[in-house]
Structure formats: C-alpha cells, structure tokens
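To start, the structure under review is shown below, and the notes come after it.
Every number for a ligand or one of its atoms is a count from 1 in the order of the listing.
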Amino acid sequence: MSEMILEGGRPLLGCVRIQGSKNAALPMMAAAVLHEGEVALHNCPRIADVFSMERILRSLGAETCWEDHTLRICCRNLHGFEIDREDAASMRSSVMLMGSLLGRQGCVRIAYPGGCTIGERPIDLHLKVFQAMSARVEEQGDLLEARTPDCLWGTRICFPISSVGATENGILAAVKARGTTLLENCALEPEITHLCHFLQAMGAEIGGIGTRRLRIRGVRILRDAQFWVPPDRIVAGTYLYAAAATRGKVELLDVPVDEIASILRVYEKMGGQWECNGGKLKADASGVRRMVEYTRTQCYPGFPTDMQSVLMAVLLTIPGKGRIREEIFEDRLKTAGELKKLGGRIHTAGRDAWIIGGGPLTGARVEARDLRGGAALAVAALAASGTTVIGSAGFVERGYEAIDADLAGLGARIEMR
Ligand code: EPZ
C-alpha cells in the first residue's frame with residue numbers, strides 16, 4: 001500500500017475544488033442495477049471504492065465507461081446475482097447491491113461486506129428489511145443468499161435505530177417492489193436525499209424525501225437518467241479543518257455549505273471565521289485558538305462520526321482540555337494511538353477521548369488504520385514540525401480522489417509514493 005509523506009509547520013493558503021461525494025456516488029451506482037438501460041453520473045469521484053463498485057457491476061454483466069468525471073453505467077444486459085467474495089469484502093457499500101439485485105433479479109448471493117474496521121458493523125437491519133418484503137435470507141458461514149418467491153412486496157418498516165445503509169437498502173429494494181413501502185425512522189444523511197432524487201430522475205415514485213418517513217410506490221419500468229453527484233461534505237470538512245490545524249486561509253469551491261452546518265459550528269467555536277457566496281467557502285483560520293471542550297458525534301444533522309478523528313487532530317493544536325465522544329461506532333478512536341506518535345496527548349476510555357492540546361507535534365512514521373483516520377493523520381502532520389510518513393495511505397485513497405494534489409494546491413508539501 002502507498003505512503004504519504006508530508007512536511008508540516010506551515011499555514012495552508014490557497015484554493016481547492018471539492019470532489020464529488022463518495023457516499024452519494026456508491027449507492028447511486030448500486031441503484032443503476034435496477035434499470036435495464038443506461039445512467040450517467042457526472043462529477044463522479046475517481047476513487048478506489050468507486051472503482052471497486054464498478055468492478056462488481058461489470059462482473060454482473062453491466063457495461064461501464066468513463067469520460068473524465070462522468071461514469072456511464074449500462075445494465076441492459078446485466079445477468080448476474082452473485083458478488084465475488086473478495087469484491088464484497090473490499091468495501092462496505094457492496095451491501096447496497098443486495099437491495100437493487102433483489103429488486104431486479106429476485107435473488108442475490110454475497111459475502112459479508114468489508115469496509116473500515118471502526119466497529120462490528122452488522123447488517124441485521126438490512127436483512128430484516130428484505131425479509132419484511134418477503135425475501136428469504138439464508139446464511140452459510142459468511143455467505144448470504146437472499147431470494148424472493150416471485151418478487152418483493154411493499155410493506156411498512158420502522159427502523160429501530162438510524163442507519164444510513166439500511167435506509168438506502170430499503171429504498172433500493174422498494175423501488176420496484178409490488179405495492180407501496182413505508183419506511184419509518186429513516187436516517188437523514190444528505191446522501192439518502194441525493195439517492196432519492198437520482199431514483200426520481202430514473203422514474204421512481206418516492207415521497208417524504210428529506211424526512212424520517214419515506215413512502216415508495218413500486219414501479220415496473222425505470223428510464224435512462226443522468227445526475228450530478230453532489231460535492232463531498234466530509235472532504236470539505238477535512239480541508240476546512242486542515243486549514244484550522246495550520247491557522248491558514250483557504251478558499252474551498254463547490255462546498256455543500258447546507259450539509260456542513262455542524263462542522264462549521266465547531267470550527268467557529270475554535271475561533272475560525274468563514275463566509276460563503278454560492279458554493280465558495282472562504283475560511284480564515286488564523287484566529288483559531290479556543291479549545292472545544294466537548295463534542296459528541298451524532299446522526300445527521302449532528303456532528304458527523306466521519307469527522308471525529310479529523311477534529312481530534314485539530315484539537316491537538318489548541319491549548320486546553322477537550323473531550324470527544326464517539327456515539328455511532330464502538331471502535332472508532334484507534335487513530336488516537338497513531339496521533340500520539342506525533343506527540344499528541346490523548347487518553348481514550350470506552351467511547352471517549354480526552355485531548356490535552358497545545359503541546360508540540362513532531363513528524364514521525366505513523367500508520368493509517370481506516371479512511372478518515374488516515375485523513376486525520378495528514379491533518380496532524382500538516383501542523384507538526386518536520387516530516388511525517390503515513391503508511392497504508394491506500395486507505396485514504398478509498399475516499400479522497402487527490403488529497404495530495406488538493407493539499408499541495410493549498411501550499412502543503414506532500415507526496416504519495
Ligand atoms: C455509512 O455507513 C457511511 N458509509 C459511513 O461512512 C458513515 O460513517 C456512516 O454511514 C454513519 O454516518 C457509506 O455511506 C458508504 P450506519 P453505514 O448503518 O451505512 C449500526 C466513511 O468513512 N448498524 O448508519 O455502514 C452500525 O453498527 C464511512 O465514508 C447496525 O447495528 O453506517 C452503527 O453503529 C465510514 N445494524 C450504526 O448502526 C445494521 O444493520 C450506524 O451505522 C446497520 C447498522
């Protein structure tokens with residue numbers, strides 16, 4: 001796996017455009033399976049997880065091609081329903097194909113999905129959705145097979161907890177089910193809204209978009225569609241917090257400002273300033289100096305769990321004592337161990353991390369353990385004096401299309417090898 005080398009100790013200055021959203025593009029790619037025709041996703045990020053999903057679609061008989069950042073997917077001749085074990089294990093989003101393959105083929109065979117090791121990450125809620133819609137699900141070891149007697153049937157499903165993926169799979173399964181499906185206590189993450197808008201462009205009938213109550217009336221036929229993948233709110237948050245960690249001044253283009261309110265609120269608490277016109281976010285982080293004493297990760301619109309380790313990196317640069325509580329994933333604090341190698345003073349216990357910020361950070365060799373943790377190490381390295389080498393940087397490339405070029409565009413000294 002590749003390594004990222006960073007020379008820290010200088011403020012970020014400059015302008016960068018935010019890439020398309022990984023977590024919006026992946027379920028949209030799974031949705032393409034539902035249609036016996038072609039869709040085009042513009043502004044699609046060219047990242048490892050998208051390429052993995054593309055490989056799976058092609059293994060099922062889909063045809064795909066790229067034109068710059070436009071990904072065209074034709075599932076007219078899609079015939080498969082079995083997903084290669086290695087592909088399934090390569091990322092979490094392979095599970096999205098269960099809903100769309102059941103909707104299209106009436107069956108799916110897949111190994112348990114992979115993804116960042118940030119907790120157990122069960123898929124029980126996904127499977128309960130399919131069973132409620134009359135699919136039979138069998139598990140043989142880590143292999144799953146789901147099959148419908150004739151088709152999926154609409155029904156009422158109330159999620160016991162907020163789950164992004166289970167909500168998305170419920171939507172995908174309901175689009176071509178017989179009758180109407182009512183999904184209650186849905187997650188509210190923006191990627192779900194974007195998926196619904198894409199499905200509507202394909203001819204799906206969905207009501208209640210943007211609320212916890214979605215009503216989907218099954219349709220028989222969908223149509224060709226094209227869609228602009230929205231910008232990635234977590235990538236935008238990452239670069240904003242990299243500016244905060246280095247007291248820089250940056251301009252971020254194509255920022256989904258409405259989707260990062262909680263990230264901006266914490267940035268303001270630190271003393272960061274920003275203004276926005278259109279999709280351009282101008283951030284002046286030279287005044288960042290106030291410790292944020294307590295932050296807890298929550299479902300949207302709360303502070304996102306995907307920004308938790310990045311925030312930890314920023315707090316290391318601010319004098320004072322801060323606490324971060326990870327409420328979503330039970331094992332998502334392990335980046336603290338790597339941040340300590342840079343001189344960070346962090347104590348973790350259970351779901352809490354206590355940070356004593358303001359001490360010196362010095363470059364060292366560290367290891368990325370997951371996608372967002374790797375990005376957090378880059379943020380800390382930019383604030384550290386000297387050189388940092390981040391091993392297993394391939395984790396970061398799963399979600400950041402060109403983090404080296406992006407950060408270099410902001411004046412960072414960074415290279416991948
Ligand atoms: C999505 O993961 C995102 N991934 C994650 O981003 C993100 O952190 C997460 O949502 C929370 O916002 C993609 O969209 C590809 P969940 P997902 O189902 O769908 C439990 C990144 O870095 N749960 O909302 O897997 C689960 O264990 C990634 O881009 C069950 O118990 O998250 C967790 O505690 C990391 N049973 C909680 O729900 C289930 O069947 C929320 O998980 C499903 C989930």
Residue part near ligand 1, for Arg332, under 4.0 Å between non-hydrogen atoms: side chain
Residue and atom name of the nearest protein heavy atom (relative to atom 44 (C) of ligand 1), distance in Å to one decimal: Ser163 OG, 3.8 Å
Nitrogen or oxygen of Leu26 less than 3.5 angstrom from that of ligand 1: no
Verdict with reasoning, Cys158 to Arg156, per side-chain contact (heavy atoms from CB on, under 4.5 Å): CA-CA 7 Å; Cys158 183; Arg156 175 182 171 276; 4.3 Å; yes
For Leu371, the ligand 1 atoms whose distance to one of its heavy atoms is below 4.0 Å: 22 (O)
Where Leu34 and Ser100 come nearest, the two heavy atoms and their spacing: CD2-O, 3.6 Å
Taking every non-hydrogen atom, the tightest pair across Pro113 and Val95: CG-CB, 3.9 Å
Atoms in ligand 1 flagged as close to Leu125, the criterion being non-hydrogen separation under 4.0 Å: 36 (N), 39 (C), 40 (O)
Nearest atoms (heavy-atom pairs only) where Arg72 meets Ala40: NH1-CB, 3.3 Å
Side chain to side chain, Val50 and Lys22, heavy atoms closer than 4.5 Å: no
Ile118 side chain reached by Ile328 side chain, heavy atoms, under 4.5 Å: no
Chi angles and distances behind the side-chain contact (heavy atoms from CB on, under 4.5 Å) call for Ile356, His347: CA-CA 9 Å; Ile356 299 178; His347 170 65; over 6 Å; no
Heavy-atom side-chain contact between Glu326 and Thr305 under 4.5 Å: yes
Within-cut-off N or O pair, Ala166 and ligand 1, under 3.5 Å: no
Atom indices of ligand 1 within 4.0 angstrom of Ile328 heavy atoms, with elements: 33 (C), 34 (O), 41 (C)
Which segment of Met91 sits under 4.0 Å of ligand 1 when only heavy atoms are counted: neither
Check: Glu168 N/O within less than 3.5 Å of ligand 1 N/O: no
Which residue and heavy atom of the protein sit nearest atom 4 (N) of ligand 1, plus the separation: Asn23 ND2, 3.8 Å
Per-atom contacts, ligand 1 versus Lys22 - under 4.0 Å to a heavy atom: 21 (C), 29 (O)
Gln308 side chain near Arg372 side chain, heavy-atom distance below 4.5 Å: no
Proximal atoms of ligand 1 relative to Arg372 (non-hydrogen, under 4.0 Å): 21 (C), 22 (O), 29 (O)
Atom 26 (C) of ligand 1: the protein heavy-atom neighbour that sits closest, reported with distance to 0.1 Å: Phe329 CE2, 4.1 Å
Polar proximity ligand 1 side, Val164 side, N/O cut 3.5 Å exclusive: yes
Gln19: which of Asn43, Val235, Val229 passes side-chain contact (heavy atoms from CB on, under 4.5 Å): Val235
Protein contact to atom 43 (C) of ligand 1 [nearest heavy atom, distance to 0.1 Å]: Pro122 O, 3.4 Å
Proximity to ligand 1 by part of Asp306, non-hydrogen separation under 4.0 Å: side chain
Residue portion contacting ligand 1 (non-hydrogen atoms closer than 4.0 Å) for Asp124: both
Within-cut-off N or O pair, Ile161 and ligand 1, under 3.5 Å: no
Pro304 side chain reached by Ile263 side chain, heavy atoms, under 4.5 Å: yes
Aromatic plane relationship, Phe51 with Trp66 - under 30° parallel, 30 to 60° tilted, over 60° perpendicular: perpendicular
Heavy-atom gap Ser93 to ligand 1 smaller than 4.0 Å: yes
Atom 19 (O) of ligand 1 - nearest protein heavy atom and its distance: Gly165 N, 2.9 Å
Atom indices of ligand 1, in the order listed, that fall short of 4.0 Å to a heavy atom of Arg92: 25 (O), 43 (C)
Top protein contact for atom 17 (P) of ligand 1, by heavy-atom distance: Arg121 NH2, 3.9 Å
Ligand 1 contact by Gly119, heavy-atom criterion under 4.0 angstrom: no
Side-chain heavy-atom pair Tyr241, Met270 within 4.5 angstrom cut-off: yes
Heavy-atom check, side chain of Asp232 versus side chain of Thr238, under 4.5 Å: no
Test of proximity, Glu330 against ligand 1: N or O pairs below 3.5 Å: no
Non-hydrogen side-chain atoms of Ile56 and Ser94 separated by less than 4.5 Å: yes
Short N or O distance, Thr305 and ligand 1, threshold 3.5 Å exclusive: no
